[in-house]
*Asks:* 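Here it is, the structure, as structure tokens.
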Amino acid sequence: MYQIHKKRAWISGFAITVALTLSSAELHARTLPQGAHGTIALVPVETPEVTSVEFQERPQLMVGNVAIVAIPLFTTSGEYDVQVRYRDGSEENVAIKVLDRQYPEERITVTDQEHVTPSAPTLERVREEAARMRTAYELFTPQPADLLPIVQPVEGRNSGVFGSRRFFNDQPRNPHSGIDWAAPTGTPIKNPTPGTVAVVGDFFFNGKTVLIDHGGGFVSMMCHLSEILVTEGQRLARGEVIGKVGTTGRSTGPHLHWTVSLNGVRTDPAVFMATLNALHDAQP
């Protein structure tokens with residue numbers, strides 16, 4: 001059993017206030033594109049002249065004439081350069097501004113010590129599973145042509161936020177890498193946007209898990225499922241059911257955990273989904 005005590009230090013000085021209704025020319029005239037660490041910044045680009053956009057030596061997801069720049073969680077606030085490369089071989093640096101953001105703290109009491117300090121055999125299993133997931137996270141297949149809108153995978157109470165600083169039995173662990181929605185066991189889980197199943201597994205920490213490659217470095221991970229209804233290599237439509245909510249692995253109760261990874265960088269799924277869907281709604 002797990003007991004959770006959450007200390008919420010909610011977002012300070014940050015809101016989703018991107019100017020998504022502006023024209024391309026107006027976007028270019030704006031002040032620096034910006035986003036908080038652990039979220040994204042929208043950088044307007046001239047397509048089809050642009051061949052790629054990179055940040056910190058990683059290519060970025062592109063949607064129409066906008067690059068979705070993933071800002072790693074531990075990036076310090078300040079200005080950074082994004083590299084834009086063109087078909088004629090030229091390139092330019094575009095500055096973005098990274099904002100500070102406060103994340104909540106979460107303290108969890110775990111009675112099953114194996115889920116806090118795993119034994120040597122379990123650690124070997126965890127390492128092997130992590131390698132499979134890491135390989136999927138590093139996929140960078142062609143940019144998606146039908147990314148928007150993003151469908152929320154399941155309806156439910158928000159029971160865990162991205163970036164929360166976690167302590168298991170007062171031992172610090174990695175920040176929460178996704179968002180959690182509490183829902184009854186067996187609730188259908190929808191694929192957020194077209195993609196291909198990259199990994200299916202039953203993992204020690206994550207339980208029954210599905211990773212989906214949506215293209216352009218965007219990979220979803222769905223965890224703690226009670227049942228998986230897809231297979232590796234399967235092509236999925238937007239909204240297609242991939243499995244059912246459960247409480248497998250290290251879980252406090254029935255819920256879906258959704259991680260959004262952009263070329264290996266975890267980003268807040270709530271901000272990602274809201275921002276991209278606003279971008280979709282602003283399209284003529």
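Position 1 is the first residue of the sequence; numbering continues from there.
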*Asks:* Do the non-hydrogen side-chain atoms of Leu42 and Thr275 ever get within less than 4.5 Å of each other?
*Replies:*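 They are in contact (side-chain heavy atoms under 4.5 Å apart), so the answer is yes.
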*Asks:* State, with a plain yes or no, whether a side-chain heavy atom of Tyr80 is found less than 4.5 Å away from one of Thr75.
*Replies:*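 Yes, their side chains come closer than 4.5 Å.
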*Asks:* Just verifying a value: how many Å separate Glu79 CD and Gln34 CD, rounded to the nearest 0.5 Å?
*Replies:* 10.5 Å
*Asks:* When you group the ILVMFWY residues by side-chain heavy-atom contacts below 4.5 Å and let the links chain together, are Phe272 and Val154 in the same group?
*Replies:*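 Yes: a chain of side-chain contacts under 4.5 Å links Val154 to Phe272.
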*Asks:* For Arg85, which residues count as a side chain to side chain donor-acceptor pair (under 3.5 Å) partner, sequence neighbours excluded?
*Replies:*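 Listed in chain order: Glu54, Glu91.
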*Asks:* When hydrophobic residues are tied together by side-chain contacts of less than 4.5 Å, even through go-betweens, does Phe218 share a cluster with Met221?
*Replies:*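 Cluster IDs for Phe218 and Met221 differ.
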*Asks:* With distance as the sole test, does Glu49 use its side chain to make a donor-acceptor pair with the main-chain N or O of Tyr86 at under 3.5 Å?
*Replies:* no
*Asks:* Measure across Arg132 and Val199 and return the closest heavy-atom pair with its distance rounded to 0.1 Å.
*Replies:* NH2-CG1, 3.5 Å
*Asks:* Check whether NZ of the Lys or CZ of the Arg Arg266 lies under 6.0 Å from the centre of the six-membered ring of Tyr137 and within 45 degrees of that ring's axis.
*Replies:*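 Relative to the ring axis of Tyr137, which defines the angle, Arg266 lies inside both limits.
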*Asks:* So do the side chains of Tyr103 and Pro175 get within less than 4.5 Å of each other, counting heavy atoms only?
*Replies:*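 Counting from C-beta outward, Tyr103 and Pro175 never come under 4.5 Å.
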*Asks:* May I ask you to test the Leu236-Val197 pair for a side-chain heavy-atom distance under 4.5 Å?
*Replies:*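 Yes; the side chains approach each other to less than 4.5 Å.
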*Asks:* Can a donor-acceptor pair be found, under 3.5 Å and without considering hydrogens, that links the side chain of Glu138 to the backbone of Gly264?
*Replies:*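 Side chain of Glu138 to backbone of Gly264: no pair is present.
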*Asks:* Quick test of your reading of the model: are Arg87 and Glu46 salt-bridged, counting only N-O distances below 4.0 Å?
*Replies:* no
*Asks:* Have a look at Leu61 and tell me which of Asn263, Leu262, Val66, Ile40 forms a side-chain contact (heavy atoms from CB on, under 4.5 Å) with it.
*Replies:*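 Option passing the side-chain contact (heavy atoms from CB on, under 4.5 Å) with Leu61: Leu262.
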*Asks:* Please report the closest heavy-atom contact between Lys208 and Ser226, naming both atoms and the distance.
*Replies:* NZ-O, 3.3 Å
*Asks:* Please answer whether the main-chain N or O of Thr39 pairs with a side-chain N or O of Thr267 as donor and acceptor at a distance below 3.5 Å.
*Replies:* yes
*Asks:* Which atom pair, heavy atoms only, marks the closest approach of Leu229 to Glu227?
*Replies:* CD2-OE2, 3.3 Å
*Asks:* Please confirm whether the backbone N or O of Val53 pairs with a side-chain atom of Gln60, one donor and one acceptor, at under 3.5 Å?
*Replies:* no
*Asks:* Answer yes or no: is there a donor N or O on one side and an acceptor on the other, between the side chain of Asn158 and the main chain of Asp180, under 3.5 Å?
*Replies:*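 Yes: the side chain of Asn158 pairs with the backbone of Asp180.
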*Asks:* Could you tell me the separation between the CD atom of Gln234 and the CD1 atom of Ile242, rounded to the nearest 0.5 Å?
*Replies:*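 The distance works out to 10.0 Å.
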*Asks:* What is the distance from atom SG of Cys223 to atom CZ of Phe203, rounded to the nearest 0.5 Å?
*Replies:* 8.5 Å
*Asks:* Let me know which of Val210, Val230, Val151, Ile212 forms a side-chain contact (heavy atoms from CB on, under 4.5 Å) with Asn191.
*Replies:* Ile212
*Asks:* Identify the heavy atoms of Ile71 and Gly35 that sit nearest to each other, and give their distance.
*Replies:* CD1-O, 3.4 Å
*Asks:* With rounding to the nearest 0.5 angstrom, report the CZ to NE2 distance, Phe162 to His257.
*Replies:* 9.5 Å
*Asks:* Calculate, to the nearest 0.5 Å, the distance between atoms CH2 and CD belonging to Trp181 and Gln152 respectively.
*Replies:* 4.0 Å
*Asks:* Test of understanding: clusters of I, L, V, M, F, W, Y form through side-chain heavy atoms closer than 4.5 Å, transitively. Do Ile96 and Val50 belong to the same one?
*Replies:*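 Both belong to a single hydrophobic cluster.
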*Asks:* Closest heavy-atom contact between Ala182 and Ser159?
*Replies:*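 Nearest pair, atom of Ala182 first, then Ser159: N-OG, 3.5 Å.
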*Asks:* Do Val200 and Val245 sit in the same hydrophobic cluster, where Ile, Leu, Val, Met, Phe, Trp and Tyr count as joined when their side-chain heavy atoms come under 4.5 Å apart?
*Replies:*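 They do share one cluster, since a chain of ILVMFWY contacts under 4.5 Å joins Val200 to Val245.
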*Asks:* Determine yes or no for a side-chain-to-main-chain donor-acceptor pair under 3.5 angstrom, with His37 supplying the side chain and Leu73 the backbone.
*Replies:*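 Yes, the answer is positive, given that a donor and an acceptor are paired below the 3.5 Å cut-off.
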*Asks:* The test is side chain to side chain contact (heavy atoms under 4.5 Å, CB included); show your working for Leu225 and Leu256 and say whether it passes.
*Replies:* CA-CA 7 Å; Leu225 280 62; Leu256 172 68; 4.2 Å; yes
*Asks:* Test Arg235 against Glu240 for salt bridge (Lys or Arg N to Asp or Glu O under 4.0 Å), laying out the working first.
*Replies:* CA-CA 10 Å; Arg235 185 66 185 172; Glu240 187 169 350; over 6 Å; no
*Asks:* Find the distance between NE2 (His176) and CG (Asp268) and round it off to the nearest 0.5 Å.
*Replies:*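 Reported value, rounded in 0.5 Å steps: 10.5 Å.
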*Asks:* Got a donor-acceptor contact below 3.5 angstrom from the His224 side chain to the Asn206 backbone?
*Replies:*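 Flag set: sc His224 to bb Asn206 pair under 3.5 Å.
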*Asks:* Which heavy atom in Met222 sits nearest to a heavy atom in Pro153, and how many Å separate them?
*Replies:*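 Nearest pair, atom of Met222 first, then Pro153: CE-CG, 3.7 Å.
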*Asks:* Is a donor on one side and an acceptor on the other found under 3.5 Å between the side chain of Thr187 and the backbone of Thr185?
*Replies:*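 Flag not set: sc Thr187 to bb Thr185 has no pair under 3.5 Å.
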*Asks:* Shared ILVMFWY cluster between Met273 and Leu211, side chains joined below 4.5 angstrom?
*Replies:*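 Different clusters: Met273 never reaches Leu211 through Ile, Leu, Val, Met, Phe, Trp or Tyr contacts under 4.5 Å.
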*Asks:* Do the side chains of Val271 and Arg101 get nearer than 4.5 Å, heavy atoms only?
*Replies:*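 In contact.
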*Asks:* So does Ile150 get a backbone contact from the side chain of Thr193, meaning a donor-acceptor N/O pair under 3.5 Å?
*Replies:* no
*Asks:* Do any N or O atoms from the side chain of His214 and from the backbone of Val219 form a donor-acceptor pair under 3.5 angstrom?
*Replies:* no
*Asks:* Report yes if some heavy atom in the side chain of Asn277 is under 4.5 Å from a heavy atom in the side chain of Pro149; otherwise report no.
*Replies:*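 Touching, per the 4.5 Å side-chain cut-off.
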